[in-house]
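Notes follow once the structure below has been shown.
Note that the structure is a prediction, hence the values are computed from the model and not measured. Chain letters run A, B, ... following the sequence lines, proteins first and then strands; every chain starts at 1.
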Amino acid sequence: MREIYLSGFNTFVLPFMFGMLFVLGWCLIGAVRIIFQLTPDDRKKFFLSFLNPKIMLKNIRDWFCDCLFHVKLWKRNKLLGYMHSSIAFGWFMLIVIGHIEVFLYTPQRVHQIWYPIFFRYFVAVTDSTMKGSFFFFLMDFFLLVVLSGIVLAIIKRARSRIFGMRRTTRASLTDLIGLYSLWAIFPLRLLAEGFTADISGGSFLTKSLNLVLHSFLSDQMNMLPTWWAYSIALCIFMCILPFSRYMHIPAEILLIPMRNAGIPVRHARKGISRLQVYSCPSCGVCIDACPMGVVKANSKDATVYLNRQIKRSNERRIEEISDKCLLCGKCTAVCPVGVEGDRIRIAQRSIRPYNLTPDYSNIDENSAILAVNNFVSTENNVVSNTNNERVLYFAGCMTALTPGIRKSMESVLRKAGVSYEMMDKDGGICCGRPMLMAGRKAPAKEMIRKNTNIIKASGATTLLLSCPICLKVFKEEYELEGIEIIHHSEYMDRLIAEGRLHVESSDVRYAYHDPCELGRGCGIYEQPRRVVAAAGQLVEGAKSGKESICCGGSLGSLSLGFEQRKLMTENAINNLTADNPDAIVTACPLCKTTFGRYADRPVVDIVEVIDSKTGN
Amino acid sequence: MIYQGKQKIWSDYQKEIPDDHWYYVRSCIRQNFFPASEKMFLEICRNVLGKDFHENEHHTTCGGIAYHCDTIPQETAMTIVARQFALMTEAGYENYVASCITSFGNYTEILETWHEFPELEAKIREMLWKSCRKEFNKPKYLAHSSDLIYKYRNEIAEKAKFHLINKETGEPLRVVEHIGCHYSKMFPSKGVGGAEYPYVLTGMVEAWGGNVIDYPERRHCCGYGFRQYHVKANRGYSLSNTHKKFESMEPYKPDMIITNCPGCPYFLDRWQYVIAEMEGKTYGENGCGIPVLTYEEVAGLVLGYDPWDLGLQLHQVAVEPLLDKIGIEYNLEDKYKGIDKKDLLKPELPTSIKCF
Amino acid sequence: MKEIIVIIGGGIAGLEAASNLLKLGYSPIIIEKSDHLGGHVANWHKLFPDLTPAKDLVDELIASSKDANIFLNTEVSFINRLKDSYNIMLSNGISIITKYILMTTGFRLFEASKKEEYGYGIYNQVITNSDLEHWFNTGQDKRIDESPMNAIGFVHCVGSRDEKARNSQCSKVCCITAIKQAIELKEKFPDAQIYCFYMDLRLFGKKFEDFYTKAQRDHGIHFIRGRVSEVGENIEGKVIVKAEDTLAGKPIKVTLDLLVLMSGMVCNPDSSKTASMMALPIDSDGFLKSSDNVFHITASPKKGIFYAGACTGPKTVPETLAEARSAVLDIHSHITSQEK
Amino acid sequence: MNGFGFRLSPSSAINLDKVDRSRFEELCSIEPDALRCMSCGSCSATCPAAQFSGMSIRKVLLNLQRGKEEEAFRLMSNCMLCGKCTMVCPRGINTRRIVLTISRIYEKEEKR
């Protein structure tokens, strides 16, 4: 081992140093700002989370799995996963091994941060020793890994379908600069190390290249320009990084502990949501996921573009994108870095001034309280009501438009001998979720307060809901200690399991549609499937579960008109009918109404299926 | 406006009015409001034109006000009217002329009702017999007294000393004609010119040299509206309707308003003072109001009667600017002097609207 | 020998019937009292809902019926019933003996001046639907100022569904005509606000509803539910319209540069006159009475006399044409059954 | 002076000549379907707020077109944005968006 240059410095490191310091400074200031934008409570929670070993362990796992190995992308598509993880992990290893080399060979140079990056230029190591050849091999190997990733990335630019992506993000100018500089870094490093390999040593890649180069370029003077080019490519990449999608690399490092600490999105442009926006790698997974994407023009309204417009502060587009979204939550479900597209949009909606002063003082909950205050047992008390359960059934606004669901639900309750009471027999107060979706927290709170009064006054032990839109808000926003909040699909699953409801199976093939608010919203996927399977043959749509496609009728969108939703609904129906089921089953009155408009086969609610398949 | 179009409608709505021999009934309220009007009607018909007009001191109200205020049932009103007809029959007349528009409307309505429901007429005859031992014939012709002045308008014009023409400019006076609601709105065919474009007052104004203004709220009620005025709480509503009319006619700068109803001239006249007090707004020239006259008063002026003999001093809105325009001479000294120059005492004059 | 069929009325029903009778080899005679063929449609500009030029339709009908015997400026003086035929005496002195008479006497537009409160013939800016079509065709109407207008109004149901106007039935076509004319005026005067005062909108026909929503959405035409109560004139000579906005429950008024009255269809008095010569019954709506209003709308109760078009009630152009063809078929089957 | 014990009562009539349509037109430029309302009343019939307050989106649209903005606002203050009206509208009018758009347009107005 020998150091080639005693000074350990050459001017070509300056561009790298400039870029490095710039990006470090930028990220540091950004991190501090974001942490300060958190509410004091959230900030405290965030700092305390580092003391929690469980969270810390999770952080470490996520850092490796998400940032380096891109496990989520592997799950989606192997090639896509390899492409991302090869570049991320390969590069990470190059940096780590570079540092190990510095530690091992030139510990006195540790403080010169350019040293590990340009190690081969400054230090010649004999590759004949075991130690030497091992590191040379490792470095060449990971360089090869990265280069293979780069080659795939170039292919992906042209043919994204191979990677399981129908549509990719349209790159912005800064993204392109970042991309080309990133692509340039590793071939340039290979070139630079190739030129130096005969002096500093190398392994299979660099040595071989050295021989090839020397066969037609004998001049040693070629060496320095390549190192300059390598340094400049690094500099360009780091300087453009904060303004391009590559900002996700540092941002995600902070996002992971913040997410694991459980910090919620509170403001569309501050704190964790800003961090999420910067963590967006523009991978474009959300573009294909978006149910609106079936209309091509809507591709520009995917979360990735929302993030981009927020970075650009393009207010008009931010509002447009935020208002249009159906809030189906699929982009959040599929996002590899955990950008909560739906929550950011709701938060964005809440920033906007609402000139109406909502006033619900004339809503009289007392008469509703009186109406629910007389629990009656159903006549058919075949199965004894052991646990003294009192069910309050809130059908919800949307169910009022699908009376079949309410009727079947009451019928099922009677058949199971459940003691129940209707909460909104003569029309109820909205649960507040649509208001929350519009970003209006205060009026929603008022509705929540009134409904809470009614529920508490009823003496119910269980609140049964038919509408998943209600379910989500009841679970998340209502404080109903001691009262179980349950969707009818879960409840029927339980009734069947407890033997209180006897369902006759049939060979009707049902395709089950996961309503957004029930599946992604409340994580209820299995219970309805068990219920459907009890009544017939369960068929899955082409995409289902977490990736089910919104029916298009969602109340989440504030701006999509009736006609504009048609194609989305038809697309969702095509997805469900891929396996040619006899009927479509859903568990949401809104999905039922929406599908019913365009479907070519019966659309029924899960409770209607069960009601028709249960005797007395 | 297409004048020929109106002429066509007028020709469609002509009514037969006998020239002579009328049984005349007065209005309940006109004698208090503008006392010289009814006197002038008889004066013109009897003395100037030499016609036979009979009146009887036993006639009473027609019951119209009570009927329109919903305080008596229709059958009561009909019996009262039947008694009036009995008086006419006893006097040997068959042409019945009413001074009051509401009476005229009331009589028309009752005659039409009897025509449609003869059993009701029989019942009323019975009730009249039971109550007063009287019998009656229905009038052969029913007219409002303005119908007669309309009929005599050309004779009056021939004898006219003055015309509704601005003496200074030679231009016809701009006249707003206001027809009482009960004249023809209920039974268009019973009024001269129909309900939409009544001709009865227009005919007089045209014959005497004036020019009638067609303004947007021409058809609107004067604001009296019986209950609207009689109940004090509703009086603002009554006033608002009058106000609406004045706002609508204002741009046309009318020189005068001619009316044929007992209530209308009173409210159009008095409310101008109230509006002036409340809003500080006057609709005439130089802080004055727009003079409101009955058709008899106008006929009297045209024929050269002394304004103070016509009772024009009892108008709230000063008539002097109008007299000046027409060129009628008057003695301001005598304004508040009655018959035989008896001093009527000069009232306190308001400041919000110019009076003399 | 060719069977002679007398068609009374040279409107579109008469022309279409004549053309079809000619195709079947009969010899139709058209008697038309006015100096032109095509009736009301000939004076119309464009037809709803596709804005087809009325002239094209009338020209085509005239061309296809040119081989018929046509008497213009001719009226029926009297008709005698012979044993199994009719002797028709015309005002030009000609008499015709025929077994078959087709009444295509059509309708007459309600005289808008009868609704005195709307001021037709009194106020300069009040015209009728027919006047407006005439203006569309010729560009000549002293009442329509070519300078930009601020506001234009349409009054639906003028003389229709109006018992006081002695016409209690719906004239069927005025709603859609008003919408058509409103769109046409909006295109000519894009800055004008256009108000349609209606009692009910009866848009029953093919594409009518589309036309309506187009008027609302694309042309911003205001539809106000309420019958106009009275029309006045302000000092600038503009018309002031008063109505109740029944949906808002409030009186409403607006100043307009032009008011178009949608005169309805009433029975043509000439039609009743001719009908009385043959003792044909009149229905309660004043139009000619068919032998059955569902099954035999084109048949009269009298042998050999048939109806087509608006003489039996208000009809649209396509309905009238269809009825004319239907009547021809009725006559044809009647003749062929006689021959057997 | 007003010693009469009564005063002029304001007119309840809508004067279309004086209605300022600019804001309504702005609304229509964003949501042209606002013009397609035919006042069928489905929206009010299904509205959960209607039974408490008389809220009616068709009346809101009508009031805005007639220049009665305050009345429209009074009605809208009861809106719970539940979207039932949007679901039942036979003409597919995005009523929810209309409410939200109104709230924005008039906000801007205040700032001006």
Side-chain angles (χ1 to χ4, degrees), chain B residues 1-14 112 174-179 181 183-200 202 211-221 237 240-241 243-255 283 290, chain C residues 110-128 130-131 141-145 150-151 153 155 158-159 162-166 195 197 227-244 250-261 263:
Chain B
M1 218 237 331
I2 306 158
Y3 190 71
Q4 291 81 357
K6 281 192 178 175
Q7 279 179 318
K8 190 182 162 294
I9 289 183
W10 292 334
S11 64
D12 290 346
Y13 287 103
Q14 281 302 326
E112 287 293 314
R174 292 177 299 269
V175 183
V176 159
E177 47 94 40
H178 178 82
I179 308 284
C181 290
Y183 177 65
S184 59
K185 280 180 186 165
M186 297 187 285
F187 298 94
S189 63
K190 305 293 177 193
V192 175
E196 290 293 331
Y197 312 95
Y199 188 55
V200 59
T202 305
N211 223 349
V212 169
I213 288 164
D214 188 348
Y215 63 107
E217 297 294 355
R218 168 175 54 76
R219 301 169 174 100
H220 205 81
C221 169
Y237 179 65
S240 305
N241 281 288
H243 179 248
K244 185 176 178 176
K245 274 187 89 73
F246 278 109
E247 288 291 316
S248 175
M249 71 175 78
E250 185 189 13
Y252 297 83
K253 298 190 169 62
D255 295 310
Y283 294 93
I290 305 170
Chain C
F110 176 80
E111 261 181 69
S113 59
K114 280 191 182 168
K115 293 294 293 177
E116 289 167 19
E117 62 269 40
Y118 296 160
Y120 181 68
I122 305 254
Y123 299 124
N124 293 305
Q125 269 72 39
V126 182
I127 64 169
T128 63
S130 154
D131 297 335
D141 195 317
K142 274 183 277 181
R143 293 166 295 189
I144 302 174
D145 189 357
N150 286 324
V155 184
V158 174
D162 185 344
E163 292 179 22
K164 294 268 177 71
R166 306 186 58 189
Y195 304 95
F197 292 91
R227 199 175 166 89
V228 167
S229 65
E230 60 179 52
V231 176
E233 195 179 54
N234 74 4
I235 195 157
E236 294 158 355
K238 293 184 173 186
V239 283
I240 295 182
V241 163
K242 286 195 200 174
E244 187 198 340
K250 298 249 159 56
I252 197 163
K253 70 170 186 182
V254 62
T255 310
L256 303 171
D257 298 292
L258 185 68
L259 182 68
V260 186
L261 306 179
S263 279

Given a strict heavy-atom distance threshold of 4.5 Å, which part of [X] is in contact with chain C: side chain, backbone, both, or neither?
X	value
B/E217	side chain
B/Y3	neither
B/Y215	backbone

- Charged N to carboxylate O under 4.0 angstrom, B/K190 versus B/E112? yes
- Note on the structure: Looking only at B/Q7, B/K8, B/R219, most heavy-atom pairs under 4.5 Å shared with chain C are made by B/R219
- Query: Could you walk me through whether C/F110 and C/T128 pass the side chain to side chain contact (heavy atoms under 4.5 Å, CB included) check?
  - Reply: CA-CA 10 Å; C/F110 176 80; C/T128 63; over 6 Å; no
- Answer with side chain, backbone, both or neither: which region of C/V231 has an atom nearer than 4.5 Å to a non-hydrogen atom of chain B? backbone
- Message: Between C/I235 and chain B, with a heavy-atom cut-off of 4.5 Å, which part of the residue counts as in contact: side chain, backbone, both or neither?
- Response: both
- Any chance the side chains of B/D214 and C/Y123 put a donor and an acceptor closer than 3.5 Å? yes
- Item | More than 12 heavy atoms from other groups under 6.0 Å of CD on C/E111 | no
- Taking atom CZ of B/F187 as the centre, does the number of heavy atoms from other residues, nucleotides or ligands within less than 6.0 Å exceed 12? yes
